[in-house]
Amino acid sequence: LLLLNMFLLITAFSYSDQEIDNLNNLLKNANVLDKNTITSPKVEVKINQSENPGIKSSELFKEPEKKYTNETLVGLKKLFDKNSDFATISEYIDQNIKKSDKNTADEMIMMYEKYYYAIPVTTDLFINDEELIDKKFGPLVLEEAKKYNNDYTELIKNYNAVENLELRDFLKSLYTRNLSLTYGKGYFYFTVNYDKLQTYSEYLSNDMISYLQYSDNEIRRPAAANSQIIVPINELINRILIAEDAISKSKNSELKKEFSKMVIFHFENLILGVADTPVFNYDTRHINDDFLASYKTYISKNGVFKSEMEKYLNNLSKSNYDKTSQTYSEQVNFINKITSYYKLSKDETFQ
């Protein structure tokens, strides 16, 4: 569940309004979008969890409600149904995961993540936390995070090292509730603390551990921010290949789906680029060397979509790798082929 809203937020930060309109129109024509469209981010004074780079709207994940018979899972779902606070939920997980089999333990983590990302924007579950950051701890958190290279998950994990006692207690409460923070465009956002969830690794399957590690990296080292791809372009290839490998090895259908969403997400950045990190040079309209090199790397690594990438590069080569009137359509069609391959519905990807 990690990346859909991250993609939406990055896209909104990365393009002008006109570019967003053009992108929406093209994606609709390619049958990638339906009713929903990409929009510019709303600027709000207080924390809004729906704008969190790692938070998705529950409307985008309409799935048949599962029927649980396992006593532990039934008990956890009852807490969700009552909109219990995260302290209560996290305590329940901590007490029960240690005596569960790996399948049950995995499901508890998936349930926790889905519950978090399905919380309505209008919830008051985080109202006290929002007020504390907005009015009291914001500047302190920014300053303390510098000690950890602005890694807020690492700061929260090391709450005991914070000298300000009130801030220490606040960070501890986040850690206890399996929550973390991200920061961007002048605002703090809550997210799932995937690093904290890894403390349950001995009770989880290898598939789930891989998923938590991958998600943790996505939250702490996002691929794009402030209209730029902020990791080396080849790092996008690495993340795609890791996700593809996880899909091939996983026995968990839900995790396979989540990794497939990640594959699509990173191909989005890789094939479409973002405003200040374009695939094609704005002046010369020629493909930028790092993108072209990464495409060839993907082919050399025998990625799942090697043949599609070869066809895509062959089409580009016909125009000497210059951007043409057909290029954008070819880019979107490439992404659409991947979506079809993983049999994802339109509302499970990057609307």
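Please read these numbers as outputs of a predicted model, since none were measured by experiment.
- In this structure, Asp106 does not pair ionically with Lys102, as no charged nitrogen and carboxylate oxygen lie closer than 4.0 Å.
- Listed by chain and residue number, Lys147 satisfy the side chain to side chain donor-acceptor pair (under 3.5 Å) test with Glu144 (two or more places apart in sequence, or in another chain).
- Nearest heavy atoms, Ile338 versus Phe305: CG2-CZ, 3.5 Å.
- By the 4.5 Å heavy-atom criterion applied to side chains, Ser180 and Ile219 are not counted as neighbours.
- Under 4.0 Å is where a charged nitrogen must lie from a carboxylate oxygen, and between Lys311 and Glu308 no such pair does.
- Ring geometry for Tyr194 versus Tyr211: interplanar angle over 60°, hence perpendicular rather than tilted (30 to 60°).
- With sequence neighbours excluded, the residues satisfying ring-ring contact (aromatic ring centres under 6.0 Å, His included) with Tyr112 are Phe86.
- The side-chain heavy atoms of Tyr115 and Asn83, taken from C-beta on, include a pair separated by under 4.5 Å.
- Scanning for side chain to side chain donor-acceptor pair (under 3.5 Å) contacts around Arg221 gives Asn217, with sequence neighbours left out.
- The side-chain hydrogen bond (donor to acceptor under 3.5 Å, both in side chains) with Lys196 is formed by just one residue from the set Asn178, Asp216, Thr153; it is Asn178.
- Under the 4.5 Å side-chain criterion, counting only non-hydrogen atoms from C-beta, Phe188 is not in contact with Thr182.
- For Asp207, the side chain to side chain donor-acceptor pair (under 3.5 Å) partners two or more places apart in sequence, or in a different chain, are Ser250.
- Residues that satisfy the ring-ring contact (aromatic ring centres under 6.0 Å, His included) test with Phe291, not counting sequence neighbours, are absent from this structure.
- Counting non-hydrogen atoms of other residues, nucleotides and ligands closer than 6.0 Å to CG of Asp85 gives a total above 12.
- Evaluation of the ring-ring contact (aromatic ring centres under 6.0 Å, His included) rule for Tyr148 yields no partner, not counting sequence neighbours.
- Side-chain contact between Lys114 and Met111 is absent, with no heavy atoms from C-beta onward closer than 4.5 Å.
- Between the side chains of His266 and Glu235, not a single donor N or O lies within less than 3.5 Å of an accepting N or O.
- Evaluation of the salt bridge (Lys or Arg N to Asp or Glu O under 4.0 Å) rule for Lys256 yields no partner, not counting sequence neighbours.
- Here Lys146 pairs with Glu143 under the side chain to side chain donor-acceptor pair (under 3.5 Å) rule; sequence neighbours left out.
- Residues Tyr298 and Val304 are in side-chain contact: their nearest non-hydrogen atoms beyond the backbone lie under 4.5 Å apart.
- Surrounding CG of Asn320 are more than 12 heavy atoms belonging to other residues, nucleotides or ligands, all under 6.0 Å away.
- By the 4.5 Å heavy-atom criterion applied to side chains, Glu254 and Met110 are counted as neighbours.
- Note on residues 159-169: pairs passing side chain to side chain donor-acceptor pair (under 3.5 Å), not counting sequence neighbours, are Lys136-Glu166.
- Considering only residues two or more places apart in sequence or on other chains, Asp94 meets the salt bridge (Lys or Arg N to Asp or Glu O under 4.0 Å) condition with Lys98.
- Under the ring-ring contact (aromatic ring centres under 6.0 Å, His included) criterion, Phe280 pairs with no residue at all, not counting sequence neighbours.
- No side-chain heavy atom of Ser227 sits less than 4.5 Å from a side-chain heavy atom of Val274.
- For the side-chain contact (heavy atoms from CB on, under 4.5 Å) with Ile264, the qualifying choice from Ile240, Ile335, Asn336 is Ile335, the only one to do so.
- Contact check for Phe137 versus Leu171: no side-chain heavy atoms found under the 4.5 Å cut-off.
- Checked against side chain to side chain contact (heavy atoms under 4.5 Å, CB included), Ala246 has the following partners two or more places apart in sequence or in another chain: Phe259.
- Under the 4.0 Å criterion applied to side-chain N and carboxylate O atoms, Asp151 and Arg220 are assigned as salt-bridge partners.
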